[in-house]
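All values below come from the heavy atoms of this structure, side chains included, with hydrogens, waters and symmetry mates left out. Model, not experiment: these values are computed from the prediction.
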Amino acid sequence: MEYNFAEIEPRWQKYWEKNKTFKTPDDFSKPKYYILDMFPYPSGAGLHVGHPEGYTATDIMSRYKRMKGFNVLHPMGYDAFGLPAEQYAMQTGTHPAVTTNRNCDNFRRQIKAIGLSYDWDREINTTDQHYFKWTQWIFKQLYNTWFDKENQKGRPISELPIPEEIKGDGEKAINEYISEKRLAYYDNAQVWWCDSCKTVCANEEVLTDGSHEKCGNQVVRKNLKQWLLRIPHYAERLLQGLNGLDWPAGVIDMQKNWIGKSTGAEIDFQVEGLNKNLRVYTTRPDTLFGATYMVIAPEHELAEEITIPEKKTEVEKYIKAAALKSDLDRTDLAKEKTGVFSGRYAINPVNNQPIPIWIADYVLMGYGTGAIMAVPAHDTRDFEFAKEFDIPVVCILDPKEVDERKNILAGDKCWTEDGEYINSASEETGLNINGLNKEAGIKKTIEWLEERGLGTATVNFKMRDWLFSRQRYWGEPFPVIHWEDGEVSLLDDEDLPLLLPDLEKYSPGESGESPLANAEEWLHVTDKNGRKGRRETNTMPQWAGSCWYYLRYIDPNNNERIFDPEKEKYWMPVDLYIGGAEHAVLHLLYSRFWHKVLFDLGIVSTDEPFQKLFNQGMILAFAYETSTGAKVSSDLVEERDGKYFHTETGDELKQIVAKMSKSLKNVVNPDDVIERYGADSLRLYEMFMGPLDERKPWAENGVKGVFNFLNRAHRFFADTNNIFEGEEDKEVAKLLHQTIQKVANDIENLKFNTAISALMVFNNLAIKKGKVTKQTAETFAKILSPVAPHLGEELWSIYGNKETLAYEPWPEVDESLLQEDSFEYPVSFNGKMRFKIEIPVDMPQPEIEKVVLSDPKAQKWLEGKTVRKFIFVPKKIINVVVG
RNA sequence: GCCCGGGUGGCGGAAUUGGUAGACGCGCUGGAUUCAAAAUCCAGUUCUGGCAACAGAGUGCGGGUUCGAUUCCCGCCCCGGGUACCA
């Protein structure tokens, strides 16, 4: 009997589709399990083998959980706004919606061919007006929310208390005050501009070398009116929320770093000869006695005022150069420190000593107060600067027992760790922290500063406002009108969705305006009083649609509201979310932010959206390079005796592992794999390659391996001559139940590679035995079905079952079959395994010792030696120490 | 520089709380079947020595703890990812 996957698989896919096997009811009586994939951007290139990796993993879990009695929500959709369709439109004039729909159709076809058990009635598409209506609606919620810092909670703007002094200044002042509190605001912002894509990019989309993540071109700074979201208001909540999540530690770390919380103090320094204070932020107020100079950023508002006349020219030149520098590639120039002395001094509050104020671009205006006190002895950046400009280095923290102590005390070396304070007392001001350690020193200094009103304990975050608009056509339009009198208003809910206008031409304006600025009819509006207005021409970034899609799956066709709250309460949170690690920060942080706002407004019932997160590793491919490191396209490589040669030059090549790429001709298309080996083989191989979270190279021979397994399994289990009614062989029964248990455990722990291995082991034994009972065969079909669902269903039906096995209960493990009455112990002598011995599990230890030591095989190792120790670990090992 | 991962046969990878290193699969070798091949089946396959029984070595490197270390501790090396003057 042949394993005709090309006939079997489409037949079952049709069956599932026709019977709506995986349609998920909102049956609140059952325990729920929500399994989510990161939905794809439907590119024109179609699916690559990386997509099915995550999708298969979630599919296995979904199928397993259904058999375990869960009501499983497992949906799929498309994150379909995006640049490529728009660029294609610019070149060809094809409407992006046409391209997008075509690509979605192709993705759907490809995904269905893998046999994934999605509820297709819940499919969503971010470009569908019924979907983005609600994206626009959420934007309105953000706009109409302020963050109550005291209660750490977002609240409706209507609840914002307006201070009396603002009220007195009239309506305009009130509106301005409110604007400053909204989570979404419109402002002039210096932004990164990609001239090649004709769009702004968020800071996060600009790589460290100053290039645009999407296209690789260098970005430049530009000032534009933009929408921004005040995500930093939620910094503390976003940080705290990480604590209860079952997420990879690496992702949690990355989010923590991104949020970048630091605690310290803001301290005021009096500027000598000016009636002004200079406020600095420091995490190390304890090192005030070591402050030998101060630095303010070139953009600091006091930079010019502070500068004495004699230094004016020099300082102005420096500030100009620094401004220019920020237009260039700042990171490259960051290696050597530059700066200029303002000629002015500030008074150190702890000892009333004057210290010089410098202007230098190693201090950033955007963080803290844009000014620092510099402690070169205990901060590496300040140390470098001080050495560059010959500024004194005063050590105030004795590192004690450290090799470099002498150099550190002399100020020749920087010390940033803990120690004991020296030179840290002033009779004049009364502060003395000598002898304390870092922790106590920080505490005491802050108390001292606060008592005198010189400073306050402060918390700072690295995270910045989120730039939330793009100069694009193919995105969600903002439901916003800018009126001629300067008022900004949002559309009423009943006027949503605001659709995109059709355009003749999709190219952006040279000035950086979105293509929407050309849609004259759409653009201009007049209200009932004849006031003229202009619609917002920016559109939302691609993140917008993906920020909340997991919520829409819950109730995707609801036209009355975003979703039914009862359904939301039942299904949320997402129990398992699998996707690529590239979304560790941005998507997952933005989503969490929106979710928390919706939670505060009472729209969703959970504080966090994704309970468990897992990142699948990237699938790579073998590639080849010459001895000089030049990559060679795979079609120019031949293998001989396990070595690789260039077909043209004959040079020996080295096999390496690299990302799949068109230029290397090593891209694998899932369609081809399915055509040659079937969907079950594709699924199995993707899971069998190695641990889900690791990166691993694709190897065609590996596919053959799992194909072979399915073939063998089919040949044996589909042949009813091998199936009998009666009592199962003991060895088979025992292994079967071990396998049930192992497969279940491994699936729960996302260790699909070893689950498949266990199925192979059982298959091998069954074939060796030549026959199994019908019950065993049915059980095998069941435990095989999560990983190879087509073959599972096929076998199940061959045994005479009329219904799908997708909802058959997962087989129970018969514990009694797993009990051993004896165990084969490995016997070691001095830790080295020498032989094995079968011992009944109930034998008492003294007898075991006797049996082992008198065993003929043991004599060789005991000869002329004394037994020093006899180690016996039940069901593990016996180790005899001799000497 | 800093923060995370990861280094195990020819290859992908297994190995509960420290307890038989190399499961499973690929590849390779030999055999069966075949006119022959493909497919299939059987046996072997960490390395070194030996016909073999067997012995020695072995989880990136160097130390340590332990009866026993891929697993724990200390010090390094290499690879991958993130981040980069955040005071």
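For A:Pro691, the side-chain atoms get nearest to B:G13 when compared with the rest of B:G13, B:G82, B:A87. When the nucleotides B:C4, B:C41, B:A55 are ranked by their closest atom to the side chain of A:Arg715, B:C41 comes out on top.
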Side-chain donor-acceptor pairs under 3.5 Å in residues 825-837 of chain A, sequence neighbours left out?
residue, atom, partner, partner atom, Å
A:Tyr825, OH, A:Lys875, N, 2.8
A:Asn830, OD1, A:Val882, N, 3.0
A:Asn830, ND2, A:Val882, O, 3.4

Result block: side-chain N/O donor-acceptor pairs under 3.5 angstrom for residues 705-713 of chain A, not counting sequence neighbours:
residue, atom, partner, partner atom, Å
A:Arg712, NH2, A:Asn764, OD1, 2.8

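Note: CZ (A:Phe622) to C1' (B:G10) measures 12 Å, nearest angstrom. As rounded to whole Å, 12 Å separates atom C1' of B:U83 from atom CG of A:Asp253.
Heavy atoms of A:Arg695 sit under 4.0 angstrom from primed sugar atoms or phosphate atoms, though from no base atom. Within the 4.0 angstrom heavy-atom criterion, only backbone atoms of the sugar-phosphate kind lie near A:Trp861; the bases stay farther away.
In this structure, A:Tyr293 contributes its side chain and A:Pro376 its backbone to no donor-acceptor pair below 3.5 Å. With A:Tyr685 contributing its side chain and A:Ala699 its backbone, the two residues share a donor-acceptor pair below 3.5 Å.
Taking the charged nitrogens against the carboxylate oxygens, A:Arg279 and A:Glu266 do have a contact shorter than 4.0 Å, which makes a salt bridge.
At a threshold of 4.5 Å between non-hydrogen side-chain atoms, the residues A:Val363 and A:Ile296 do not count as touching.
Take the nearest nucleotide of RNA chain B for A:Asp382 and for A:Val251: the residue whose nucleotide is more 5' is A:Val251.
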Tell me, for nucleotides 15-25 of chain B in 5' to 3' order, what letter each nucleotide earns: B for a base near a protein heavy atom under 4.0 Å, S for only sugar-phosphate near one, - for neither?
SBB-BB--BBS

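Legend: residues meeting side chain to side chain donor-acceptor pair (under 3.5 Å) with A:Lys771, ordered by chain and number and at least two apart, are absent. Not a single salt bridge (charged side-chain N to carboxylate O under 4.0 Å, His left out) links A:Glu849 to another residue, sequence neighbours left out.
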Its dot-bracket string being built from Watson-Crick and G-U pairs below 3.5 Å, with | for another strand and [ ] for crossing, RNA chain B has the pattern (((((((..(((......[....)))((((((.......))))))((((....))))..(((((..]....))))))))))))....

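Taking atom C1' on both B:C35 and B:G44, the two are 29 Å apart, rounded to the nearest angstrom.
With values rounded to the nearest 0.5 angstrom, A:Thr416 atom OG1 is found 11.5 Å from A:Asp382 atom CG.
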